[in-house]
Amino acid sequence: MKKRLQAVLQRIWGFDQYLVIFSLVKIFTLRLEGRNKEGDFFHFLRLLAPDATVLDIGANVGIMSAHLAWHCKRGRVHAFEPVPSNARALRRVMRWLGITRRVACHELALGDSAGAVTMTMPLIQGVRMQGLTHVQDESIEGYAASAMTFTVPLARLDDLDWLRDQPVAAIKLDVENYEQFVLRGAEALIRRCQPLIYCELWDNENRQICLKIMQEHGYRVQVLDRGRLRTFLPGTDTHHNFFFVPEKKA
């Protein structure tokens, strides 16, 4: 029933307008009851200073970008979203909320190389699933066979000249199982800034590679447990949200 309603609304409103309305509803729903639904993310927010510079990688339609901007009132959010329809919605939502000065939208995919990459937006029961849009890569499986595809620009964080003098305090990373490539392309930034990183990782090889990368950079791998961060216990914990905390800040 939910998918049928979504398909109808996407047809009636048009996909762009649907994304804007969807984003605004989600943003204000989270603002009212987010600590119950997204407790890990709101714990991440509480660890950020009001003047923090934050990277929102995999910003989608700006749901988390808005909350980051509201919290970091004197800071700056750089939202990376490569899919054109999602990026258009993100910009419109930020304008509607009056926070465009605090949120910069970069229509760019991130990885460990530069050039172009194909991204896939699954179609499920006639619904465009913008939240599941992902890079087309042999390491990424488990999505619907029916999909829309986009060719988008790809870059490494370490190659972005404008970012080299930015004091990046934190990164929110959610790129649908492509996280290892983003981290590999940001190793100079990680060494320089030692940012706090909040990341969603599936229980697969990509997770193991990401944990290894961050541990090699001197980070602790932690999860939220009853309101407190503690060390992640492989083979025991079932968490999917991870906090990569620099040893010197732990």
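Index from 1, following the sequence.
Nearest heavy atoms, Pro195 versus Ile171: CG-CD1, 4.0 Å. Taking every heavy atom of both residues into account, Leu224 and His239 meet most closely at O-NE2, 3.3 Å. Ala188 approaches Asp158 most closely through the heavy-atom pair N-OD2, 2.8 Å. When all heavy atoms of Gln10 and Gly126 are compared, the pair lying nearest together is OE1-O, 4.3 Å. Minimum heavy-atom separation, Ile27 to Ile63: CG1-CA, 3.6 Å. Closest approach of Leu160 and Ala155 over heavy atoms only: CD2-CB, 4.2 Å.
Placement of Trp202 and Leu233 in two distinct hydrophobic clusters is found when ILVMFWY residues are connected by side-chain heavy-atom separations under 4.5 Å, directly or transitively.
Considering CZ of Phe22 and CG of Leu9, their distance stands at 11.5 Å, rounded to 0.5 Å. We find the SG-CD distance between Cys210 and Glu205 to be 10.5 Å, quoted to the nearest 0.5 Å. Rounding to the nearest 0.5 angstrom, the gap separating the OG atom in Ser65 from the CG atom in Asn60 is 9.0 Å. The distance from atom CG of Leu201 to atom CG of Asn241, rounded to the nearest 0.5 Å, is 8.5 Å. Atom NZ of residue Lys2 and atom CZ of residue Arg4 lie 15.0 Å apart, to the nearest 0.5 angstrom. Between atom CD1 of residue Ile190 and atom CD of residue Glu216 there is a gap of 11.0 Å, rounded to the nearest 0.5 Å.
No side-chain heavy atom of Pro122 sits less than 4.5 Å from a side-chain heavy atom of Met148. For the pair Leu123/Met129, no side-chain contact is recorded, criterion being any heavy-atom separation below 4.5 Å from C-beta on. Annotation: side chain of Lys3 is in contact with side chain of Ile124 (closest heavy-atom distance under 4.5 Å). Within the 4.5 Å cutoff, side-chain heavy atoms of Met64 are placed close to those of Leu30. Annotation: side chain of Met121 is in contact with side chain of Gln130 (closest heavy-atom distance under 4.5 Å). Looking at Val168 and Leu55, their side chains come closer than 4.5 Å, going by heavy atoms from C-beta outward. Residues Met214 and Phe242 have side chains not in contact (no heavy-atom distance under 4.5 Å, counting atoms from C-beta outward). For the pair Leu229 and Val223, the minimum side-chain heavy-atom distance is 4.5 Å or more.
Remark: Asp203 pairs with no residue by the side chain to side chain donor-acceptor pair (under 3.5 Å) rule, at least two apart or across chains. Partners of Ala89 under the side-chain contact (heavy atoms from CB on, under 4.5 Å) rule, at least two apart in sequence or in another chain, are Leu19, Val20, Val61. When the side chain to side chain donor-acceptor pair (under 3.5 Å) test is applied to Arg128, no partner is found at least two apart in sequence or on another chain. Residues satisfying the side chain to side chain donor-acceptor pair (under 3.5 Å) test with Arg156, not counting sequence neighbours, are Asp159. Partners of Tyr219 according to the ring pair (Phe, Tyr, Trp, His ring centres under 6.0 Å) rule, which considers only residues two or more places apart in sequence or in another chain, do not exist here. Take Phe243 and apply the ring pair (Phe, Tyr, Trp, His ring centres under 6.0 Å) test, not counting sequence neighbours, and it matches His43, Tyr198. Legend: residues meeting salt bridge (Lys or Arg N to Asp or Glu O under 4.0 Å) with Asp51, ordered by chain and number and at least two apart, are absent.
For residues 183-195, every residue pair satisfying the side chain to side chain donor-acceptor pair (under 3.5 Å) rule, not counting sequence neighbours, is listed here: Gln180-Arg184, Glu187-His217. Evaluation of the ring-ring contact (aromatic ring centres under 6.0 Å, His included) test over residues 51-89, restricted to residues two or more places apart or in two chains, returns Phe42-His67, His67-Trp70, His78-His106, His78-Trp162, Phe80-His106. The salt bridge (Lys or Arg N to Asp or Glu O under 4.0 Å) analysis of residues 63-86, with sequence neighbours excluded, yields no pairs.
Other residues, nucleotides and ligands contribute over 12 non-hydrogen atoms within 6.0 Å of the CD atom of Gln208.
Checking side-chain atoms of Arg220 against main-chain N and O of Glu247 turns up no donor-acceptor pair under 3.5 Å. A donor-acceptor pair under 3.5 Å is formed between the side chain of Glu179 and the backbone N or O of Asn177.
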List the steps and the verdict of side-chain contact (heavy atoms from CB on, under 4.5 Å) for Val182 and Leu173. CA-CA 9 Å; Val182 177; Leu173 177 59; 3.9 Å; yes

Mind running side-chain contact (heavy atoms from CB on, under 4.5 Å) on Phe44 and Leu48 for me, showing each step along the way? CA-CA 7 Å; Phe44 171 67; Leu48 305 182; 4.1 Å; yes

Pair Asp174, Cys199 - check side-chain contact (heavy atoms from CB on, under 4.5 Å), show working. CA-CA 6 Å; Asp174 183 3; Cys199 185; over 6 Å; no

Under the side-chain contact (heavy atoms from CB on, under 4.5 Å) criterion, do Leu211 and Phe232 qualify, and how do the steps go? CA-CA 10 Å; Leu211 299 188; Phe232 171 64; 3.9 Å; yes

Name the atoms and distances for all side-chain donor-acceptor pairs under 3.5 Å in residues 109-119, with sequence neighbours left out.
none

For residues 91-100, dump all side-chain donor-acceptor pairs below 3.5 Å to protein atoms at least two apart in sequence or in another chain.
from: Arg91; atom 1: NH1; to: Glu107; atom 2: OE1; distance (Å): 3.1
from: Arg92; atom 1: NH2; to: Gln17; atom 2: OE1; distance (Å): 2.8

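Shown are Leu183, Ile57, Val245; of these, the side-chain contact (heavy atoms from CB on, under 4.5 Å) with Ile197 is made only by Leu183.
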